[in-house]
Asks: 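Sharing a structure with you now.
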Amino acid sequence: MGTAEEDVVLRTEAITKSYAGARALENVSFDLRRGEIHALLGENGAGKSTLIKSIAGSVRPDSGTITIDGHRADALTPTSAAALGVGTVFQELSLIPQLSIAENIHLGREQRRRGLLDKRRMLADAREALAHIGVDLDPRRRVAGLPRAQMQLVEIARVLHRESAVLILDEPTASLSVGESARLFEILQSLRSRGIGIIYISHRLAEIKALADRVTVLRDGRKVGTVDTAGVTDDLLVEMMAGRSLDQLFPTVATTPGRVRLRASGLRTATLAGVSFEVAAGEIVGLAGLVGSGKSDIGRVCFGLDALQAGSVEVDGRALQRPSPIRAMRQGLIYYPADRHVEGLVRTGTLADNITLAPVAAGTMSRLGIVDRRAGADRVQTVVEALAIRPADPGRPILGFSGGNQQKALLARSFARDFGVHVFDEPTVGIDIGAKADVYAHMKRLCEAGAAVVLISSDAEEILGMSHRIYVVREGRIVADLRGADRTEENVVRAFFDSQDSSSVTSGSPR
Ligand SMILES: Nc1ncnc2c1ncn2[C@@H]1O[C@H](COP(=O)(O)OP(=O)(O)OP(=O)(O)O)[C@@H](O)[C@H]1O
Ligand SMILES: [Mg+2]
């Protein structure tokens, strides 16, 4: 079943790339047809981002060729790749925080307009680009300070707004929830029907099977194979990715909830309108909701990162006075932020530095520079093994790890000490299926040791698979408390939207 050459919009031949002697890609040949969605799948560090960065011109391969739209493209740069029609949404977003949303959407294209920039036209244009993907944001707002999910939406709007022959999206739904993702999928499907070739990277198998026509699997920098998604099973994909099968993604957590360890009463902040809930020892409670619903703000305020206007947070029956990360941790509550780049990691440090840092989130950490000096090399090694961080090299700079391995380094901090309450915000964003299983097993262990676990997540499968109970958050309130047989995807998604406006569920547009 050969593909006629004119159907192929992009081809790579024998691409090889090493970083400091370590092979990231080896002889990878790949083709993308017009009007197809082609998924790239592989474990963390398999080489997915390196391949698409080579195509987008931001990484220079050591050898191999890339042909875009019939043009043999040697020595690609970001500018020449864009000129050949490659549009890319990168995994590590490329927005400029100091600029407005509108300026970011137009970045790099201003030179095409003659003379002065037409500000009004830029704003109208940006508004249209955002509306196209169903986002209600003021384009005059600065990008700095936007939550990661909204940055991701702006980045998507920016790339979709341009004419591309080849569209590349590297984990675009990582911090989006069901509603935003559904809207994005509709758009991608319509672009596909207009003949655009789309490369789509995701760790969510369900998403890949629903969306993609073919999937190419990478392992350790090599191509394992390309298969049609029609009829492919999860087992086969996992086997191709990992070279082994995975028995079970979600462990059975058979604990009986004990005493209440976390109690939030009437929390009010700039974004929360009176939130009350409790989590018991041995219990995993999911917080679900759309981007901007307030689910992450609940985690932040419990950890003292956002100011509380009213209400209280109690850990083990004791109220947190003037909540701050340090006080929260002293009383046994730890929070793992969703945005590893802005809040989580010490970007200038090594893997070991990031693991041994006392777990203080959000700037506080680097500001106070608190290092947990009891953490010896042994413990670092244990943690690296428990979470299967690759390469297992504590001395390597954190930024030299793939995205998923950076995420694991962030979670590694929960091994540092005993906490009674663990609040995870999107803990498995960007990590591969094997690593997810490791993280879930870790949550189970915490739970069995008597901790209370809060799981804030946009991934419906994860929330349903892991939580004893699910609170659905909408517009700064808890609108549903689902337990037992009521914990269904349908109930969760229904609660995302206004009951009288359930039509928006099917059309997929948020709010
Ligand atoms: N800037 C860099 N410096 C050194 N090594 C790097 C750099 N970027 C990537 N690597 C290494 O190259 C390999 C491939 O990384 P890449 O980011 O392509 O993986 P990936 O498949 O996108 O993973 P993930 O699912 O975690 O995003 C990894 O071993 C990674 O550690
Ligand atoms: Mg990647």
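Both counts, for ligands and for their atoms, begin at 1 and track the order of listing. Fair warning: this is a prediction, and the values are worked out from it, not measured in the lab.
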Asks: May I have the step-by-step check of side-chain hydrogen bond (donor to acceptor under 3.5 Å, both in side chains) for S80 and T77, ending in yes or no?
Replies: CA-CA 5 Å; S80 67; T77 63; 3.2 Å; yes

Asks: How close do M241 and R219 get, counting heavy atoms only, and between which atoms?
Replies: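 Heavy atoms only, the tightest pair is O-CG, 3.3 Å.
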
Asks: Which heavy atom of the protein is the closest neighbour of atom 9 (C) of ligand 1, given with residue, atom name and distance?
Replies: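 Minimum-distance protein heavy atom for atom 9 (C) of ligand 1 reads Y19 CE1, 3.4 Å.
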
Asks: Just by distance, no angles: are the side chains of D62 and T16 close enough, under 3.5 Å, to form a donor-acceptor pair?
Replies: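 There is no such pair between these side chains.
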
Asks: Can you figure out which of A24, G400, A435 has its heavy atom closest to atom 30 (C) of ligand 1?
Replies: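 Checking each option, the heavy atom nearest atom 30 (C) of ligand 1 is found in G400.
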
Asks: My understanding is that we take every heavy atom of each candidate and find the minimum distance to atom 29 (O) of ligand 1. Doing that for G45, P397, A20, which one comes out nearest?
Replies: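 Nearest heavy atom to atom 29 (O) of ligand 1 lies in G45.
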
Asks: Does ligand 1 come near enough to G430 that some N or O of the ligand is less than 3.5 Å from an N or O of the residue?
Replies: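 The answer is no, given that G430 and ligand 1 share no N or O pair closer than 3.5 Å.
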
Asks: Can you classify the ring geometry of Y336 versus F424 as parallel (below 30°), tilted (30 to 60°) or perpendicular (above 60°)?
Replies: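 Ring orientation of Y336 relative to F424: parallel.
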
Asks: Please work out whether the ring planes of F419 and H422 are parallel, tilted or perpendicular, with thresholds of 30° and 60°.
Replies: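 Ring orientation, 0 to 90° scale: perpendicular.
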
Asks: For atom 15 (O) of ligand 1, which of the options T50, L41, I201, D432 provides the nearest non-hydrogen atom?
Replies: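 Answer by nearest heavy atom: T50.
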
Asks: Check contact between G47 and ligand 1, using heavy atoms of the residue and a distance below 4.0 angstrom.
Replies: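 Contact present.
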
Asks: Counting heavy atoms only, which part of R23 comes closer than 4.0 Å to ligand 1: side chain, backbone, both or neither?
Replies: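 The answer is neither; R23 stays 4.0 Å or more away.
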
Asks: Checking D459 side chain against E461 main chain: does a donor-acceptor pair fall under 3.5 Å?
Replies: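 Pair found, side chain donor or acceptor close to backbone of E461.
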
Asks: Taking only heavy atoms of G404 into account, list the atoms of ligand 1 that are under 4.0 Å away from them.
Replies: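 Once the distances to G404 are compared, the set is 24 (P), 26 (O).
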
Asks: With side-chain hydrogen bond (donor to acceptor under 3.5 Å, both in side chains) as the criterion, how do E171 and S202 come out once you've worked through the C-alpha distance, each side chain's angles and the decisive distance to 0.1 Å?
Replies: CA-CA 5 Å; E171 300 194 35; S202 171; over 6 Å; no

Asks: Carefully, step by step, assess N44 and S402 under the rule side-chain hydrogen bond (donor to acceptor under 3.5 Å, both in side chains).
Replies: CA-CA 6 Å; N44 297 131; S402 74; 4.9 Å; no

Asks: Which heavy atom of E426 sits nearest to which heavy atom of S458, and what is that distance?
Replies: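 Closest heavy-atom pair between E426 and S458: OE2-OG, 2.5 Å.
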
Asks: Applying a heavy-atom cut-off of 4.0 Å, say which part of R390 lies close to ligand 1: side chain, backbone, both or neither.
Replies: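 Under 4.0 Å from ligand 1, R390 contributes no heavy atoms.
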
Asks: Look at ligand 1 and say whether E43 reaches it with a heavy atom at a distance under 4.0 Å.
Replies: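 Yes.
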
Asks: Go around the Mg ion (ligand 2) and count every protein N, O or S atom nearer than 2.8 Å.
Replies: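 Total protein N/O/S atoms under 2.8 Å from the Mg ion (ligand 2): 2.
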
Asks: Considering distance alone, does some N or O of P391 sit under 3.5 Å from an N or O of ligand 1?
Replies: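 By distance alone, the answer is no.
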
Asks: Could you tell me whether N405 and ligand 1 have an N or O pair separated by under 3.5 Å?
Replies: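 No, no N or O pair falls under 3.5 Å.
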
Asks: Is there any N or O on A46 that sits under 3.5 Å from an N or O of ligand 1?
Replies: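 By distance alone, the answer is yes.
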
Asks: In terms of heavy-atom contacts, does CZ of R222 have more than 12 from other residues, nucleotides or ligands at under 6.0 Å?
Replies: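 No, the 6.0 Å shell around CZ holds no more than 12 heavy atoms from other groups.
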
